[in-house]
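Just below is one structure, and these are the notes that go with it.
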Amino acid sequence: MNLDLLLQLVVNGLIVGTLYGVVAMCFVLIYKSTQIVNFAQGEFLLIGAWVCWWLMTSFEAPIWIGFPLTFLFMLIFGVLLQVVVLRPMIGEPIISVIMVTIGLSIFFQSLMGWIFGVFAKPFPRVFETESINILGLQVQTAYMMSLVISLVIMVGFYYFFKYSRLGLAMRATAFNQQVAQSLGISVKQVFAMSWAISAMVSALAGVVVGMVNGVSSALSFFGIKVFPAVILGGLDSIVGAIVGGLTIGVLENLAEYFDAQWLHLGNLYTVAPFYVLVIILMIKPYGLFGTKDIERI
Amino acid sequence: MSDAAPLLEVNDVSLVFGGVRALTDINFSVDRGELFSIIGPNGAGKTSMLNCVSGRYSPNQGRILFQGRDVTRLRPNQRCQLGIGRTFQNLALFNHMTVLDNIMVGRHHLMRNNFLTGSLYWLTGAQREELDHRRAVEDIIDFLEISHIRKAVAGTLSYGLRKRVELARAVALKPDLILLDEPMAGMNLEEKEDMARYVIDLNEEWGMTVIMIEHDMGVVMDISHRVMVLDFGKKIADGLPEEVMRNEHVRTAYLGEEAAGDADPNERVA
Amino acid sequence: MAGHATMRCGEFRTSYRADTTIFPTPMSRNFALGGVVLLVLAPLVLNAYYLNLLIQIGYYGIAALGLNILVGFTGQISLGHAAFFGFGAFASAWINNSFGIPVILSIPLAGVLTTAVGMIVGVPAGRIKGLYLAIATLASQFILEDFFARAEWFTGGSSGSLANSISLFGYSMSSDQSYFYVVLFFVVVMFLFGANLLRTRDGRAFVAVRDHYLSAEIMGINLTKYRILSFGISSFYAGIGGALYGHYLGFVSAEGFTILLSIQFLGMVIIGGLGSVMGALLGTTFMVLLPEVMTSLVGSVGDMLPGLSQGVAYIKQMAIGLAIILFLIFEPDGLAHRWKMVKAYWKLYPFSY
Amino acid sequence: ADSITVGHLAAYTGPTSDVGKPYGQGIADAMNYINANGGIDGSQLSFETVDYSYNAPQAIATYKRWMASNPAPVAIQGWGTADTEALVKFVTNDEVFFMSASYSGHLTDPMGKSERTKAAAPYNFFYGPSYSDGCRGVVQWASEDWKAKGGEGKPKFVHMGDNHPYPNAPKEACAAYAEELGFEVLNPIVYSLKPGDFKAQCLSLKESGANYAYLANTSGSNISLVKSCATVGVDTQFISNVWGWDENAQAAAGDAGYGIAWVVGAAGWNSDAPGMETVRAVSRMSDPSGNEARVLHYMRAVCGVFFMHDAMLAAEKMDGGVTGTNIKAAMEQMTDHVPAGLEGVCLPSTWTPDDHRGTNQVLVYKSTPNGFENVYTATLERRPEWLGW
Amino acid sequence: MAEAATRAETKEPILTVNNIEVVYDEVILVLRGVSLEVPEGAIVTLLGPNGAGKSTTLKAISGLLRTEDGEVTRGQVTFMGETINNRAPEEIVRRGIFQVMEGRRIVEDMTVIENLRLGAYTRRDKGVKDDIEMVFDYFPRLRERTGLAGYLSGGEQQMLAIGRALMARPRMILLDEPSMGLSPLLVKEVFNIIRTINREQGITMLLVEQNANMALRQASYGYIMESGKIVLDGTREELLNNEDVKEFYLGGGDDERKSFKNLKSYRRRKRWL
Ligand SMILES: Nc1ncnc2c1ncn2[C@@H]1O[C@H](COP(=O)(O)OP(=O)(O)OP(=O)(O)O)[C@@H](O)[C@H]1O
Ligand SMILES: Nc1ncnc2c1ncn2[C@@H]1O[C@H](COP(=O)(O)OP(=O)(O)OP(=O)(O)O)[C@@H](O)[C@H]1O
Ligand SMILES: [Mg+2]
Ligand SMILES: [Mg+2]
């Protein structure tokens, strides 16, 4: 047993896990208000990262300008996307809308490839110190930034859904669009809101990952990578998304630990979370915090 | 299993949801051939009672005997095989199937072909079986007078028609005991009359024992052999319709009659 | 009564048997028969390219039908279909290579083996529902992919495994022409099986489970059994499709069976129309032809605008994404639905409504 | 003949586009250059570039379309593993000369002599060392490096890469050779082909105390790996394969990337080899300004096309002219051949009818803040047991 | 139907439906020219057998057809002088028409209070809390239900659905079978509440009912619909005294009401069409 290594891995897992949590939250947001699983989530990250990268390299904008501008861009992007593509789909079968997000993902993936090329591009240096030491582990500063922002966002979301008028409207829309409409809720507005927020928050994650690894089309794989986190926490739970993210982050690292120390199977890091996911779902079919479907006749 | 024993026996059943006591120590039995009604205010636990009988809920306490056999722990599909069929208060049709297919699903447990023999349709007798059951289903369709919509997709039908399709599907199960949850809700007088006639026919001619939940007192009084009243999860009365009607509590808490005694039980609820 | 509105003027049947055929009208049956006859003649007129596309539509179409049984009929979304498809490909190659069982038998055997794997993967479906289940199947996608890389005895590891071509009575069916007939045979058989299955007891049970599982259970349907069974049957189709794919390519490597292909399968059934046998084939055709059509369309645009030559590849990909989006905006219920509308129109012609 | 039809399968989009793009551009530019400079003895190369997005069935469909067209191609410039392998059967059958960018060892065994080779691939060629040979070469460098640094005891070697056909390809061959050279071979470490945060793997690497880590993935995920490892403070010497590092990777990795040593198959853009003149001229086919700096893969692509060009020239003089069979035969007659005009750029290569290991030289480069440096050139023996492995 | 306007004398119609035709799925014609008028502040009832198109009419007014692939292909719906057909439903709600849909349609995964707050979604004033109390006063049973609305009994859900409509403080409520599934006591109560609301708050009501007795007792005017057409209309008195209406909708046309028991094989299908 190497406790030092174990500790470092757990810390690493927690930190990467927050990022999973943030992206998972974006999923949950869209799901909660529209019941759509957004397969273009990864592309949202990618677009956010590229836009921020572009602002910061072409105009040499500092991060505190580049980042808010990116947010603004993503806001407009989210609304536009909703108006142009998703609005006509209101009232259509959810599965068709999910397929549309797959189409979007193909579209944006190649659009980004065309505009920005396919090579990974380094992000301009943002923080004086690139990494700081936490419990013996060097951690990139960008992660710490995301940690703080995502905590704020998480708390915000929680209250938003629980208490705000719009939050209620989003939940009602997710329950049944016709019912929501009959209550005077503009399904279009609700959708626009949730896509815009989700796009903005994804951009945060995109920028952070971009800072750490460079920006490249591969970033979009993040979208699929966080599925286990989303499900583990429960599809409709903001808190669940964070817990799921952290759990998956730690799990991956623990798997790596056991693999490297004893098992030597290889690839446990990627696959183990999926085994655990299935086991947890067998015990708790709605994830850790997801609300049960109402089974009543 | 003897004919003398009641078809259904409910012993001491209690059901709790979180803090809500939906049912408390319910006891009753239904004899073969009876047309038994359950009435009571909204939220009294009538539907929950049916759910316990059909297997959707398992009671926290108590036993349910069907044909002398303890079915308390059986899955709904197993109870169906034993001969319990039902309809639902909030429609539960297969919305994307045609009316015909909906009813054919009711024959599921009576059929033998499976995915292998079904795939080889012509070679394995699956076709013959399908056609046999189709014939039986058409009889039901004729009986319930829904032949004009047999090819319609169930989800697009109006509420009243869907209720009727639900009844057809339950009848297709060939149950010994059929549970009807507010079969006449959402129907106008004429349609209620039709429905009442179907229920009576099922009971008298098709030989099914019926348990029916219904809020229309006129119907309940006219056609049921025996009535049980639930309120707040408790049984407050059980007996012949006229007896139950005379119960003070029923009149005030359920029917909302100001003065007891003189009202004609047959008066249309109005 | 309002029933008039739903009564069709163009339907006349005199027996239940006539009412339970796969093809609702004699015309549609003749249509289908004619289609098969045309396909039988196809190799005589079509060149290898078109045959190749038809073969692709064939093996993907079989797998897509399987997925449609799972997603469209039983209502369980699967993101792991590509892994089953791959498993079938590996299994058939393995059975043939290791045991010397002829390919024509190894293909159905691979289907059976894949069924077993599919049922195991389907076990959680007894408890997990909806999107949670979808992600659980995503897990099986990754777990199986990992297995492919690990199980060298089965998959040939990094160098992949060779899949021999079919030989019947000493005649090798390795040319596109002869392989086309093999695929056509399987397509016809599998689609007939599928259509039969879905109009009989178990098929109805699948749909019942999808539409309202609570009442389905009360109607006597064993939910767990049918949920798992549908995984099994769907995997059987995937396995057959995958095996045909493997023997056509002659080489099976884990690289081809990623989540991307799973998503593509999902695209096929959604675009084709969930819950429609015909839809599986239509959707597959759409997804297979789309890149080809886009290549030639965008290629000719690229010729006109030479500056775009590298961009052409991206434009093509974007066009594929866009085509999917536009298609669903205008036909969210899938091709099969459009097909039905066209049929309904003709049936009632010249009385609309 | 007035034109010679060639097919070009490229991966400009899809998962391998980061390296597929410069490589494909190199192929197209080189063929355009040949056409602009007299073609093959007067006949033009008529070629179509098709982006198949790294999707094997789509590649096959394209191949079938080509073969059904008139005239059908006699030669194909291909790309990835899955499609190359799937096409082996077809090109052999149709007798089409096929040059790929998939360097799998078993493609080097045209007669299927080695027991490791499952199917003979007589029409398949590639330019450069196979994955296994590349790894052997860079391990050879590592062994020299260890001695030069005065390392004590047995150096530790570890294979790192995804559990996937491509990274696994040289795993056993290379480990066997490393052991032979006196390395202690550690348990492999797995990291994804998709870029991500690999601190966990880096911590394992650090813990294992490996001296040399062979990165078998492509550059995209290698960038993430070296960056993560730099954060964690790993001081292992990274070595990598031919797709594992390039100028773009170095730019994205920044400081963390310096020091990595990897296999290079041809001269770099800034090389002063005489042949670079030609390469620059080729590059101007798509970049008239001549400003764009091409990455390493571009040069390899150009070499590949020029070898094909030379073979076609030779085939022209044979019975039947430029057919797939004749191009193959011409290739198999080359001994230590370097295409005219590309001296110093392409490695001298030899193909024979029963050995398609084109080159036994492996250039090892190291990335430094001053650019890429050729630190070593390994010359591997042509061991018979390495054929096809 | 021309006389309808003159007969609904007292007040100006707030809602006019003029000869509308509704088609589902582009092929299924359900309403074939329906016209009706609702005067301001009145309760008007719409009766008819199952499948006649009553719910469809209401959905055509409230704009909820579109989510079911339905469309008003001909005719107009005018509310307070403005044409509202094929407008977005949320806009129609904002103009003051609130529909209580058939089958309750409460948001099952929310609590009772959240459902009520949702009803007030279009309001921005401060009175929401008080109105929740008001609803609880009308339906005391709901106050005790703190769990998710999906677990309420059928009748409780119906109360919630009506309560939710009140929360919106609309000018007009379209009620689709509000008494369905309610116990006799509650049916009375609900109709009392409807009348009270109508009287106290001046909310106009268009009431679709199967319980014709009850409905006609509340309403000032009634329409009878069959197979997508209005076949009869008149004031309360006219309808109550119409022999056909008595026989088929009210029961006991002749003198004594028939017992349900003795209806066997007795068939009659008088239709106006
Ligand atoms: N699954 C459940 N979870 C929690 N509470 C439940 C559940 N099912 C029923 N209840 C509660 O149990 C009580 C009885 O409900 P039930 O549906 O049996 O009433 P009912 O007599 O059928 O009333 P109604 O006539 O209105 O349909 C209600 O208060 C209801 O809220
Ligand atoms: N979404 C739909 N698609 C197709 N047809 C529909 C749809 N909704 C309703 N219909 C048809 O329209 C007709 C009228 O339905 P509607 O629901 O308006 O009747 P209703 O008068 O409200 O009946 P009920 O009293 O049973 O509720 C029915 O024949 C029904 O089949
Ligand atoms: Mg009830
Ligand atoms: Mg209705």
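Keep in mind the model is a prediction, meaning the values are calculated, not measured. We name chains A, B, ... by the order of the sequence lines, and we start the count at 1 in each one. All values below were derived from every heavy atom in this structure, side-chain atoms included, with hydrogens, water molecules and symmetry-related copies excluded.
Using a 4.5 Å cut-off between heavy atoms, B:L93 contacts chain C through its backbone alone, with no side-chain atom that close. Using a 4.5 Å cut-off between heavy atoms, B:R135 contacts chain C through both its backbone and its side chain. Looking at B:F115, both its backbone and its side chain come within 4.5 Å of chain C, counting heavy atoms on both sides. Using a 4.5 Å cut-off between heavy atoms, C:A216 contacts chain B through both its backbone and its side chain.
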Please test C:S215 against B:E166 for side chain to side chain contact (heavy atoms under 4.5 Å, CB included), starting from the C-alpha separation and ending with a verdict. CA-CA 10 Å; C:S215 74; B:E166 266 214 348; over 6 Å; no
Check the pair B:H96, C:V207 against side chain to side chain contact (heavy atoms under 4.5 Å, CB included), reporting the backbone distance first and the verdict last. CA-CA 8 Å; B:H96 298 92; C:V207 184; 5.5 Å; no
What verdict does the side chain to side chain contact (heavy atoms under 4.5 Å, CB included) test give for B:E130 and C:R204, after you've listed the backbone C-alpha separation in whole Å, the side-chain angles of each residue and the deciding distance to 0.1 Å? CA-CA 12 Å; B:E130 286 284 322; C:R204 275 193 303 270; 3.1 Å; yes
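For the pair C:R201 (side chain) and B:N114 (backbone), a donor-acceptor distance under 3.5 Å is absent. In this structure, C:N196 contributes its side chain and B:L120 its backbone to no donor-acceptor pair below 3.5 Å.
Contacts of C:R210 classified as side-chain hydrogen bond (donor to acceptor under 3.5 Å, both in side chains), with partners at least two apart in sequence or in another chain: none.
A pairwise comparison of heavy atoms in C:I218 and B:L173 identifies O-CD1, 4.5 Å as the closest pair. The two residues C:H212 and B:L91 make their nearest non-hydrogen contact at NE2-O, 4.3 Å.
Residue pairs meeting the salt bridge (charged side-chain N to carboxylate O under 4.0 Å, His left out) criterion with at least one member in residues 61-78 of chain C, sequence neighbours excluded, do not occur.
Listed options B:G118, B:A154, B:A170 were ranked by heavy-atom pairs under 4.5 angstrom with chain C; first place goes to B:G118. Listed options B:R75, B:Q81, B:H109 were ranked by heavy-atom pairs under 4.5 angstrom with chain C; first place goes to B:R75.
Chain B is approached within less than 4.5 Å, heavy atom to heavy atom, by no residue from residues 270-283 of chain C. Contact annotation for residues 219-233 of chain C against chain B (heavy-atom separation below 4.5 Å, listed by residue number): C:M219, C:G220, C:I221, C:N222, C:Y226, C:L229, C:I233.
Applying the 6.0 Å contact sphere to CZ of C:F185 captures no more than 12 heavy atoms from other residues, nucleotides or ligands.
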